[in-house]
Amino acid sequence: MGNIIAEIEFTSLRIPTFELPWPERISPNVELIETRMLEWAERYELFPNQTAYKERVKRTRYAWLAARCYPNASPELLQTIANYFVWFFLADDLFVDRVEKVSPDTLRNLTAMIDVLDFNCASQKPVYGELAWLDVCKQLRRLLAAENFERFAQGMRLWSTTAALQILSHLQDKPVGIRQYETIRRHTSGMNPCLALSDAANIGAVGPDEYYHPDVQRLCRHANNIVCWSNDIQSLGIEMRQPGQFWNMVGTYAGSGYTLQESVDYTAERVKAEIISFKRLSHKILLSASPQLCGLVQGYEYWIRGYIDWVMKDTKRYATEFAAGDADDRDVLSSQT
């Protein structure tokens, strides 16, 4: 993509905001959840650099994302979800999202995550984050019904396997087609396992007949698209500084001949269209929904609004002033795996 995403062009971009009809919510336990999450991450040695990398996690505020997206979750479940978030973002950055080249450890790292799900145990020589991931899975198995856990686990298996497609796409000289990008993004974002927790963390588990209804699954895809594609705009300033990582939706459109501003604007219009589609379809679903399904739909709304509020009010994950330092932290992490 080269000069298309020049820094001078980025600083002059008009970055849109999104109007959402759902009220802001956040769990009152967020401060305690954050403290315990950091202690948990340190106990499982997720901070290779105890100064710089831990500070990066602190300014990201993953517990705030959990507290906004699951405001009604029990403290125990919310704590497990926050732990999962810090593990997921760190592992995803290392194994998938910011990988500049395939290393001898790539397959070992990703298959280890699948094996934890399949066997409910760690390997004899655990890779980075494997023991933390096992703890998350054991806690979720204990807190969720078996079928609910398997929905989450299926999303995570797809994250691990579709990661190979994302890494492959990052090795290309040109962006993949937009349809192919959307498929990869839908699964490597981690949104599917997160959305699978929305009912259990709210009113209660939805039965399989309602959960797997085509309209409900379509609503889940709308929620996934809204979060992922808006993130493609909000993370652009960081990703343009990472070689091979700028082929998100905005970058893909820009690589096809649009200006960067046109690409941002068109992506934003697609996000707005998804919000409208979500609202229309949710209204249809709620006309005959059980209380649990109503809770699931509300949980999707929490996720959309919670993510946007987290970006606007809480996190520094996408702040461009930290981009160079974060890249150095990743080098420290990569050298230890």
Q: For the NE2 atom of H222 and the OG atom of S277, what is their distance to the nearest 0.5 Å?
A: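 Those atoms lie 4.5 Å apart.
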Q: Which atoms form the tightest heavy-atom contact between D309 and E24, and what is the distance?
A: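 Closest approach of D309 to E24, heavy atoms only: OD2-CG, 3.3 Å.
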Q: With a 4.5 Å heavy-atom cut-off, do L286 and C294 have their side chains touching?
A: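 Touching, per the 4.5 Å side-chain cut-off.
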Q: Quick check: does any side chain N or O of Q79 sit under 3.5 Å from a backbone N or O of I33, one acting as donor and the other as acceptor?
A: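 Yes, the answer is positive, given that a donor and an acceptor are paired below the 3.5 Å cut-off.
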Q: Would you kindly confirm whether L293 and I203 end up in one hydrophobic cluster when ILVMFWY residues are joined by side chain heavy atoms under 4.5 Å apart?
A: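 No.
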Q: Should we count CZ of R186 as having more than 12 external heavy atoms under 6.0 Å?
A: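 Result for CZ/R186: enclosed.
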Q: For the atom pair CG (L197) and CG (L140), what is the distance rounded to the nearest 0.5 Å?
A: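 Taking CG in L197 and CG in L140, the distance rounds to 6.0 Å.
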Q: Salt bridge or not for E274 and K279, using N-O below 4.0 Å?
A: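 No salt bridge links E274 with K279.
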Q: Kindly work out whether a path of hydrophobic side-chain contacts (I/L/V/M/F/W/Y, heavy atoms less than 4.5 Å apart) joins Y253 to F18.
A: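 Yes; tracing contacts between hydrophobic side chains, which count when under 4.5 Å, links both residues.
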Q: What is the ring orientation for F152 with Y84, classed by angle as parallel under 30°, tilted 30 to 60°, or perpendicular over 60°?
A: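 The arrangement is perpendicular - the two ring planes meet at more than 60°.
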Q: Is a side-chain donor or acceptor of E147 paired with a backbone partner of P208 at a separation under 3.5 angstrom?
A: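 Not a single qualifying donor-acceptor pair exists.
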Q: Under the side chain to side chain contact (heavy atoms under 4.5 Å, CB included) rule, what do L117 and C137 come out as? Steps first, then yes or no, please.
A: CA-CA 7 Å; L117 289 166; C137 291; 3.8 Å; yes
Q: Can D105 and R108 be counted as an ion pair, charged N to O under 4.0 angstrom?
A: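 The answer is yes: the pair qualifies as a salt bridge.
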Q: Is the closest side-chain donor-acceptor distance between Y307 and Q234 under 3.5 Å?
A: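 Looking only at side-chain atoms, Q234 and Y307 do form a donor-acceptor pair, the distance falling under 3.5 Å.
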Q: From R305 CZ over to I226 CD1, what is the distance, rounded to the nearest 0.5 angstrom?
A: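 With rounding to 0.5 Å, CZ (R305) is 13.5 Å from CD1 (I226).
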Q: Evaluate the criterion side chain to side chain contact (heavy atoms under 4.5 Å, CB included) for residue pair M156 and F88; output intermediate values, then yes/no.
A: CA-CA 10 Å; M156 287 304 300; F88 178 85; 4.1 Å; yes
Q: Using every non-hydrogen atom in the two residues, find where L78 and S27 come nearest and quote the distance to one decimal.
A: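 The answer is CD2-OG, 3.4 Å.
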Q: Tell me, do S189 and V227 make a side-chain contact under 4.5 Å, heavy atoms counted?
A: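 A side-chain contact is absent here, since even the closest heavy-atom pair is not under 4.5 Å.
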Q: Tell me whether K316 is salt-bridged to E55, with the criterion being a basic N under 4.0 Å from an acidic carboxylate O.
A: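 Result for this pair is no, no salt bridge flagged.
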Q: Can you tell me if D232 uses its side chain to pair, donor with acceptor, with the backbone of V250 under 3.5 Å?
A: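 Between the backbone of V250 and the side chain of D232 there is no qualifying donor-acceptor contact (under 3.5 Å).
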Q: Check whether NZ of the Lys or CZ of the Arg R56 lies under 6.0 Å from the centre of the six-membered ring of Y53 and within 45 degrees of that ring's axis.
A: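 Output yes; distance and angle both within limits.
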Q: Do L32 and W40 belong to the same hydrophobic cluster, where Ile, Leu, Val, Met, Phe, Trp and Tyr are linked whenever their side-chain heavy atoms lie under 4.5 Å apart, directly or via other members?
A: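 Hydrophobic grouping puts L32 apart from W40.
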Q: Heavy-atom count around R179 CZ within 6.0 Å, excluding the residue itself: above 12?
A: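 Incorrect, the count does not exceed 12.
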Q: For the pair D118 and R157, find out whether any cationic side-chain nitrogen is under 4.0 Å from an anionic carboxylate oxygen.
A: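 The answer is yes: the pair qualifies as a salt bridge.
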Q: Would you say that Y302 contacts S198 through its side chain, given a criterion of any heavy-atom pair below 4.5 Å between the two side chains?
A: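 Y302 does not reach S198 side chain to side chain.
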Q: Checking Q217 now: which residues fulfil side chain to side chain contact (heavy atoms under 4.5 Å, CB included) with it, not counting sequence neighbours?
A: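 Q217: side chain to side chain contact (heavy atoms under 4.5 Å, CB included) contacts with Y211, Y212, R221.
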Q: With salt bridge (Lys or Arg N to Asp or Glu O under 4.0 Å) as the criterion, how do D265 and R14 come out once you've worked through the C-alpha distance, each side chain's angles and the decisive distance to 0.1 Å?
A: CA-CA 8 Å; D265 292 343; R14 299 183 306 276; 3.7 Å; yes
Q: Evaluate side chain to side chain contact (heavy atoms under 4.5 Å, CB included) for L77 paired with Q139, printing each intermediate quantity in order.
A: CA-CA 8 Å; L77 179 57; Q139 295 304 318; over 6 Å; no
Q: Quick check for you: to the nearest 0.5 Å, what is the distance between M249 atom CE and I233 atom CD1?
A: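 Atom-to-atom, M249:CE and I233:CD1 are 9.0 Å apart.
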Q: If you measure from the Lys or Arg side-chain nitrogens to the Asp or Glu carboxylate oxygens, is any gap between R151 and D199 under 4.0 Å?
A: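 D199 and R151: salt-bridged.
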Q: Applying side-chain hydrogen bond (donor to acceptor under 3.5 Å, both in side chains), name anything that partners W159, two or more places apart in sequence or on another chain.
A: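 Counting only residues at least two positions away or on another chain, W159 forms a side-chain hydrogen bond (donor to acceptor under 3.5 Å, both in side chains) with D92.
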Q: Using a strict threshold of under 4.0 Å (side-chain N to carboxylate O), is an ion pair present between E34 and R61?
A: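 Between E34 and R61 there is no salt bridge, as every charged N stays at least 4.0 Å from the carboxylate O atoms.
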Q: Kindly indicate, with the supporting measurements, whether the criterion salt bridge (Lys or Arg N to Asp or Glu O under 4.0 Å) is fulfilled by D135 and K138.
A: CA-CA 5 Å; D135 182 70; K138 286 186 173 181; over 6 Å; no
Q: For the side chain of E210 and the backbone of G207, is there at least one donor-acceptor N/O pair under 3.5 Å apart?
A: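 Judged by distance alone, no pair lies under 3.5 Å.
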Q: Is the closest side-chain heavy-atom distance between N120 and L134 below 4.5 Å?
A: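 When only atoms from C-beta onward are counted, L134 and N120 do touch, with a gap below 4.5 Å.
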Q: Do W64 and T315 make a side-chain contact, defined as non-hydrogen atoms from C-beta onward lying under 4.5 Å apart?
A: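 SC-SC contact between W64 and T315 ruled out.
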Q: Hey, what do you get for CG (L165) to NE2 (H187), rounding to the nearest 0.5 Å?
A: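 One gets 9.5 Å once the value is rounded to the nearest 0.5 Å.
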Q: To the nearest 0.5 Å, what is the distance between OG on S160 and CD1 on I114?
A: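 That separation rounds to 4.5 Å.
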Q: Here's a test for you: under salt bridge (Lys or Arg N to Asp or Glu O under 4.0 Å), which of K58, R68, R59 qualifies with D314?
A: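 That would be R68; it is the only one of K58, R68, R59 passing the salt bridge (Lys or Arg N to Asp or Glu O under 4.0 Å) with D314.
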Q: Which of parallel (below 30°), tilted (30 to 60°) and perpendicular (above 60°) describes Y70 and W303?
A: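 The rings of Y70 and W303 stand perpendicular, inter-plane angle above 60°.
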Q: Tell me, with the steps shown, if F95 and T106 meet side chain to side chain contact (heavy atoms under 4.5 Å, CB included).
A: CA-CA 7 Å; F95 298 160; T106 300; over 6 Å; no
Q: Would you name the heavy atoms of W310 and L65 that are closest together and state the gap between them?
A: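 Smallest heavy-atom distance, with atoms named: CD1-N, 3.5 Å.
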Q: Closest heavy-atom contact between L143 and T80?
A: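 Distance-wise, the nearest heavy atoms are CD1-OG1, 3.7 Å.
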Q: Quick one: closest heavy-atom pair of M191 and C228, and the distance?
A: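 Scanning both residues, the minimum pair turns out to be CG-SG, 3.9 Å.
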Q: Do the side chains of Y128 and L90 get nearer than 4.5 Å, heavy atoms only?
A: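 In contact.
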Q: Establish, from distance only, whether the side-chain atoms of N83 and Y44 form a donor-acceptor pair under 3.5 Å.
A: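 Side chains of N83 and Y44: no pair found under 3.5 Å.
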Q: According to ring pair (Phe, Tyr, Trp, His ring centres under 6.0 Å), who are the partners of Y300, at least two apart in sequence or on a separate chain?
A: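 Here no residue qualifies.
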Q: Are the side chain of S263 and the backbone of A254 linked by a donor-acceptor contact shorter than 3.5 Å?
A: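 Answer holds: yes.
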Q: Between E39 and R36, does at least one N-O distance fall below 4.0 Å, as a salt bridge requires?
A: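 Between R36 and E39 there is no salt bridge, as every charged N stays at least 4.0 Å from the carboxylate O atoms.
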Q: So, N231 and R317: side-chain donor and acceptor under 3.5 Å apart, yes or no?
A: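 No pair is found: no donor N or O on one side chain lies under 3.5 Å from an acceptor on the other.
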Q: Do E182 and I178 touch side chain to side chain, with heavy atoms closer than 4.5 Å?
A: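 Yes; the side chains approach each other to less than 4.5 Å.
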Q: According to a hydrophobic-cluster definition based on side-chain heavy atoms being under 4.5 Å apart (Ile, Leu, Val, Met, Phe, Trp, Tyr only), do I81 and F89 belong together?
A: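 Yes, I81 connects to F89 through the hydrophobic network.
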Q: For the hydrophobic clusters of this structure (ILVMFWY residues joined by side-chain heavy atoms under 4.5 Å, transitively), does one cluster hold both L94 and L168?
A: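 In one cluster with L94: L168, no.
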Q: Regarding N248 and Y181, is there a side-chain donor-to-acceptor distance under 3.5 Å anywhere?
A: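 There is no such pair between these side chains.
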Q: So, T188 side chain and I184 main chain: donor-acceptor pair closer than 3.5 Å or not?
A: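 Looks like yes, one N/O pair under 3.5 Å.
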Q: Within a strict 4.5 Å, meaning less than it, do heavy atoms of the L13 and L236 side chains meet?
A: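 Heavy-atom side-chain distance check passes, below 4.5 Å.
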Q: Where do V127 and A112 come nearest, in terms of heavy atoms and distance?
A: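 Distance-wise, the nearest heavy atoms are CG2-CB, 3.8 Å.
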